[in-house]
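In what follows, every chain begins at residue 1, and chains take the letters A, B, ... in the order their sequences are listed. Quick caveat: nothing in here was measured; it's all calculated off a predicted structure.
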Protein chains: 2
Amino acid sequence: MAAFDINHAGGLAPAVPREGAGASPCSACSIRNLTICAPLNDIEQTQMAAIVTNIEQPPGTPLFDEGEPADHVFNVTAGTIKVYKLLPDGRRQVTGFLFAGDFLGLANQDTYAYSAEAVTACHLCRFPRRKLEDLMTRFPKVEQRLLNIASNELAVAQEQMLLLGRKTAREKIASFLLLLAKRAQQRGQKDDSVSVPMSRTDIGDYLGLTTETVSRTFTQLKKANLIRLLPNSQVELSQRAELEDIAGGF
Amino acid sequence: MAAFDINHAGGLAPAVPREGAGASPCSACSIRNLTICAPLNDIEQTQMAAIVTNIEQPPGTPLFDEGEPADHVFNVTAGTIKVYKLLPDGRRQVTGFLFAGDFLGLANQDTYAYSAEAVTACHLCRFPRRKLEDLMTRFPKVEQRLLNIASNELAVAQEQMLLLGRKTAREKIASFLLLLAKRAQQRGQKDDSVSVPMSRTDIGDYLGLTTETVSRTFTQLKKANLIRLLPNSQVELSQRAELEDIAGGF
DNA sequence: GCTTTGGATTGACCCAGATCAAGGACGCGG
DNA sequence: CCGCGTCCTTGATCTGGGTCAATCCAAAGC
């Protein structure tokens, strides 16, 4: 098996051929309906394909850093990306994990407001920002789609603020696992067990906890028979309903 | 003086006449350049005005609740609004405070994802969502503007996650005061002192703290001569530079 | 004026989660 | 198969901010 196992996240076939800016791999894109390309017909799709570059991102490598000129936007086609912000002393807040279909790079200023890094090996479609903007004026559908994506992300962000500001460690972990499960389901993966490809540290930085607390809380949920830790970073949600209650703050 | 002192927030004249759906108070709108109307010319503005209703919102009254059908969107023209989410047991996260010029009500689902309530007496422009959507297809500029607003809010939300997940109480309060100052400045208000019209409880619910901690931290900053608490909910930021350092996590 | 009332402040104490410190368990390269 | 590095887990202890409980204070009403 290749060095980059993009199937790490649990059995989804590569959505896009791995090479270059070529003709139109987009026509074969299995997750098109999740991306910004969703509203385009085949002809329009071709124009979109003309400005896109397919890139590969090995695990642990940065995609861009906060403050860099925001020259590109991206669509994840496979793998897991984390985006985060840092304080000067190194404290870190992971503001999101992105999966196949997710869009990133939206910046209203001319620099990125956060850093992005591959968690697992990733494939992405890269669009030059300027060119995508041109294309958006020609296809308002795309702009509309982007507005939809943005307002969806806004709702997600607000949910995350509720989590960060008001939930306990136990509630945070339960919410996190259910979120992963929901996202995996959206991508059409089986939902008897969830892939958790990111480290305890990343999870802690996402939930406003330390690694130790994340680990302890996993153990605690395991002992309560609410989850099972399986090999290959898989977690089985044995008592989904009960987890939902915990996550919801009941 | 009238029962609703919309100048509570510090000396800004009412931006919009207080009555009904009338002809076009918009032409006199002093904060147009802050709103979604910014990109429109006078003729387009008139069409916008045709679908808008000016509403008044007394302090403490709800504008809408999470889960309600999202039939309207709003532009604040005067006063302070808070938006928040609740957990079943009553824990609350204020996800934002909105001021003159701010837009609210974006919902990608057909229901509001959060509740909104007036903190001070407020004036707002209310748009029927459906009609605004129609108008957006005719004026892509408005949709573009909305996308800008949304991506801006997204950046703000990420900053807030960093605050909630990783900052100390002291850093949170400093960040909060500076945010209020910055927002007031954007609206063209003097910045020697900031108006803090919301209660300690609201501030706590915004920053993921309790009232007591908010109060204690204010006292602490006061004793360190970084701020002064003035009458009428005004706070003077005596040592802005030092506050910036604290807020930034240095 | 005096009283009421709903924040705001302050104090005493407590606890969830952080910090500090070992181990343990893989997975990987040699 | 062994050794090494990285991540994960677990334990012991500490602490920032929460909780509980009085006041305090200022605006509003009588």
(request) Give a yes or no on whether the backbone of B/T201 and the side-chain of B/Y206 come within a donor-acceptor separation of less than 3.5 Å. (result)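 The answer is no, because no donor-acceptor pair under 3.5 Å joins these two groups.
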(message) With a 3.5 Å distance limit and no angle check, can you tell me whether B/T80 reaches the backbone of B/V119 through a side-chain donor-acceptor pair?
(response)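 No: the side chain of B/T80 does not pair with the backbone of B/V119.
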Side-chain heavy-atom pair [X], [Y] within 4.5 angstrom cut-off:
X: B/V196; Y: B/I203; answer: yes
X: B/L178; Y: B/E244; answer: yes
X: B/K82; Y: B/M198; answer: no
X: B/L104; Y: B/L63; answer: yes

(message) Reading DNA chain C from 5' onward, which residue's closest nucleotide shows up sooner: B/S199 or A/R216?
(response)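 It is B/S199 whose nearest nucleotide is closer to the 5' end.
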(request) Mind checking side chain to side chain donor-acceptor pair (under 3.5 Å) for A/S238 and listing every partner two or more places apart, or none if nothing turns up? (result)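 Here the qualifying residues are A/E236.
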With a 4.0 Å cut-off on heavy atoms, is [X] in touch with a base, just the backbone sugar-phosphate, or nothing at all?
X: B/G60; answer: nothing
X: B/L229; answer: sugar-phosphate
X: B/T211; answer: nothing

Starting from [atom2] on [N], measure out to [atom1] on [X] and report it in whole angstrom.
X: A/N232; N: C/dA25; atom1: CG; atom2: C1'; value: 15 Å
X: A/K172; N: C/dA16; atom1: NZ; atom2: C1'; value: 11 Å
X: A/D205; N: C/dA18; atom1: CG; atom2: C1'; value: 13 Å
X: A/R91; N: C/dA18; atom1: CZ; atom2: C1'; value: 13 Å
X: B/R166; N: C/dT19; atom1: CZ; atom2: C1'; value: 13 Å
X: A/I173; N: C/dA16; atom1: CD1; atom2: C1'; value: 14 Å
X: A/L230; N: C/dC26; atom1: CG; atom2: C1'; value: 16 Å
X: B/Q220; N: C/dG11; atom1: CD; atom2: C1'; value: 16 Å

(request) Can you see which heavy atom on A/T120 is nearest to which on A/G79, and at what distance? (result)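 Answer, listing the atom of A/T120 first, then A/G79: OG1-CA, 3.3 Å.
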(request) Please report how far the helix from C/dG1-D/dC30 to C/dG30-D/dC1 bends, comparing the axis fitted to its first five pairs with the axis fitted to its last five, to the nearest 10 degrees. (result)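 Comparing the axis at each end, I get an angle of 40°.
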(message) Quick check for you: name the first and last nucleotides of DNA chain D, 5' to 3', having an atom under 4.0 Å from a heavy atom of chain A.
(response)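 In short, chain A contacts DNA chain D from D/dC8 to D/dA12.
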(request) Tell me, please, whether A/F97 has A/R183 positioned over its six-membered ring: NZ or CZ under 6.0 Å from the ring centre and within 45 degrees of its axis? (result)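 That pair does not qualify as a cation-pi contact.
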